[in-house]
Structure formats: C-alpha cells, structure tokens
Amino acid sequence: MGIRKSNKVSQKAMIKQIMKRCSSIGKKHGYENDEGLPMDVPKGHFVVYVGENRSRYIVPISILERPEFLSLLHQAEEEFGFDHDMGLTIPCDEQVFQSLTSFLR
C-alpha cells in the first residue's frame with residue numbers, strides 16, 4: 001500500500017512539472033494569453049509532439065490521470081527529460097498515439 005501512495009505522489013509531482021514546463025515554453029515563445037499557451041489550445045488542454053516528425057497534438061488535461069498516458073510520459077522523461085525547449089515530446093509512433101488517445105477520451 002505504501003508503494004502505491006508514493007507512486008501516486010511521484011505521478012502528481014511529474015504532472016505538475018509537465019504543466020509548469022508547458023506554460024513556461026509558451027511564455028518564452030511570446031504567446032499572448034494568460035496561460036502562456038498558443039491561441040489554438042483551448043483551456044483544459046495542452047500540446048504534445050509525437051513521433052519522428054514531431055507532429056503536434058492538442059490533448060485534454062484529463063488524460064494525465066490515465067495510467068496508459070502516464071506510461072508514455074515516463075518514456076518521454078527517460079528518453080528526453082523535461083528540461084529542454086522542444087515542448088513535451090512523446091516517443092511513440094503517431095498511429096499508436098492516435099489509437100491510444102482516441103481510446104482514452
């Protein structure tokens with residue numbers, strides 16, 4: 001039971017770090033709304049880049065609670081880390097990502 005709680009705390013910390021990072025990237029690039037996100041990103045959503053071509057996807061924040069998406073975030077952290085200016089990049093094939101996110105919504 002203790003492992004599950006510490007894992008949940010770790011996930012919450014990771015999600016906070018991701019959201020803070022996404023917000024700071026937007027501010028760095030001069031986006032003009034209060035959240036520091038591009039104008040085409042609706043409230044309650046964030047941008048990820050997927051695949052070799054870094055295709056841009058807008059996904060709902062609610063997806064962050066799903067274990068399947070958290071697994072992708074762990075892979076992203078291991079491969080790229082979260083301290084870079086490239087945006088949140090998911091190391092996943094685009095078709096796999098589209099299939100997964102359509103299932104999770």
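What you see below is based on every heavy atom in this structure, not just the backbone, and it leaves out hydrogens, waters and symmetry mates.
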I61 side chain reached by I63 side chain, heavy atoms, under 4.5 Å
no
Tell me the closest heavy-atom pair linking [X] and [Y], and the distance in Å.
| X | Y | answer |
| --- | --- | --- |
| L88 | V47 | CB-O, 4.1 Å |
| L73 | I90 | CD2-CD1, 3.9 Å |
| R54 | Y49 | O-CD2, 3.5 Å |

Quick one: ring-ring contact (aromatic ring centres under 6.0 Å, His included) partners of F97, sequence neighbours excluded?
Y57
Approximate separation, where rounding is to 0.5 Å, of I58 CD1 and D40 CG:
4.5 Å
Got a second to check how far E79's CD is from C92's SG, nearest 0.5 Å?
10.5 Å
For Q75, enumerate each residue passing the side chain to side chain contact (heavy atoms under 4.5 Å, CB included) test, keeping only those at least two apart in sequence or located in another chain.
S71, L72, P91
Sidechain-backbone polar pair: S102 side chain, Q98 backbone, donor-acceptor under 3.5 Å:
yes
Okay, side chain of N53, backbone of S55: is any donor-acceptor separation there less than 3.5 Å?
no
Residues forming a salt bridge (charged side-chain N to carboxylate O under 4.0 Å, His left out) with E68, sequence neighbours excluded
R66
